[in-house]
Amino acid sequence: MPPYVSATPNDSSSSSSNNHNEIVVIVDPYSTGCLVAQEILVRGYHLLCVWTSGFSEDMKTHVPLSCTHLVYHAVVNQQTTLEQTKE
């Protein structure tokens with residue numbers, strides 16, 4: 001299982017510094033991408049993580065030690081079609 005958490009909108013584990021109503025979409029936050037995601041959280045934005053098809057579960061676990069508590073507002077896994085992805 002990937003070392004990140006998906007939080008619901010009312011989940012108290014969401015970033016306590018979140019003072020924005022905006023959400024940032026980050027695609028395939030692999031390795032260094034996690035550092036970018038962490039900086040976005042520090043700035044108070046929600047994060048929506050999108051994993052593209054073909055990105056292995058093993059690769060999703062490559063998270064820098066400083067990002068092991070990264071929390072995404074939601075996680076979307078790309079499917080074959082846009083309609084399937086939206087479900």
Next item on the list: Applying side-chain contact (heavy atoms from CB on, under 4.5 Å), name anything that partners T80, two or more places apart in sequence or on another chain.
Entry: Q84
Check: Which distance, rounded to the nearest 0.5 Å, do you find between the CD1 of I40 and the OH of Y72?
Finding: 9.0 Å
Notebook entry, point to check: Restricting to pairs with a member in residues 63-84, which pass salt bridge (Lys or Arg N to Asp or Glu O under 4.0 Å), not counting sequence neighbours?
Noted result: E83-K86
Check: Of all heavy-atom pairs between Q79 and T85, which one has the smallest distance, and what is that distance?
Finding: N-OG1, 2.8 Å
Check: Do W51 and L48 share a hydrophobic cluster, counting only Ile, Leu, Val, Met, Phe, Trp and Tyr and linking them when any side-chain heavy atoms are less than 4.5 Å apart?
Finding: no
Note to self: The criterion is salt bridge (Lys or Arg N to Asp or Glu O under 4.0 Å); which residues satisfy it with E39, sequence neighbours excluded?
What the structure shows: R43
Which donor-acceptor pairs under 3.5 Å do side chains of residues 24-36 form with protein atoms, sequence neighbours excluded?
residue: D28; atom: OD1; partner: T52; partner atom: N; Å: 2.8
residue: D28; atom: OD1; partner: T52; partner atom: OG1; Å: 3.2
residue: D28; atom: OD2; partner: T52; partner atom: OG1; Å: 2.6

Next item on the list: Could you pull out the closest heavy-atom pair between L70 and L41, with the gap in Å?
Entry: CD1-CD1, 3.4 Å
Note to self: Let me check something: do F55 and V75 share a hydrophobic cluster, defined by ILVMFWY side-chain heavy atoms less than 4.5 Å apart, either directly or through other members?
What the structure shows: yes
Next item on the list: Please identify each residue that fulfils side-chain hydrogen bond (donor to acceptor under 3.5 Å, both in side chains) with S53, with sequence neighbours left out.
Entry: Q78
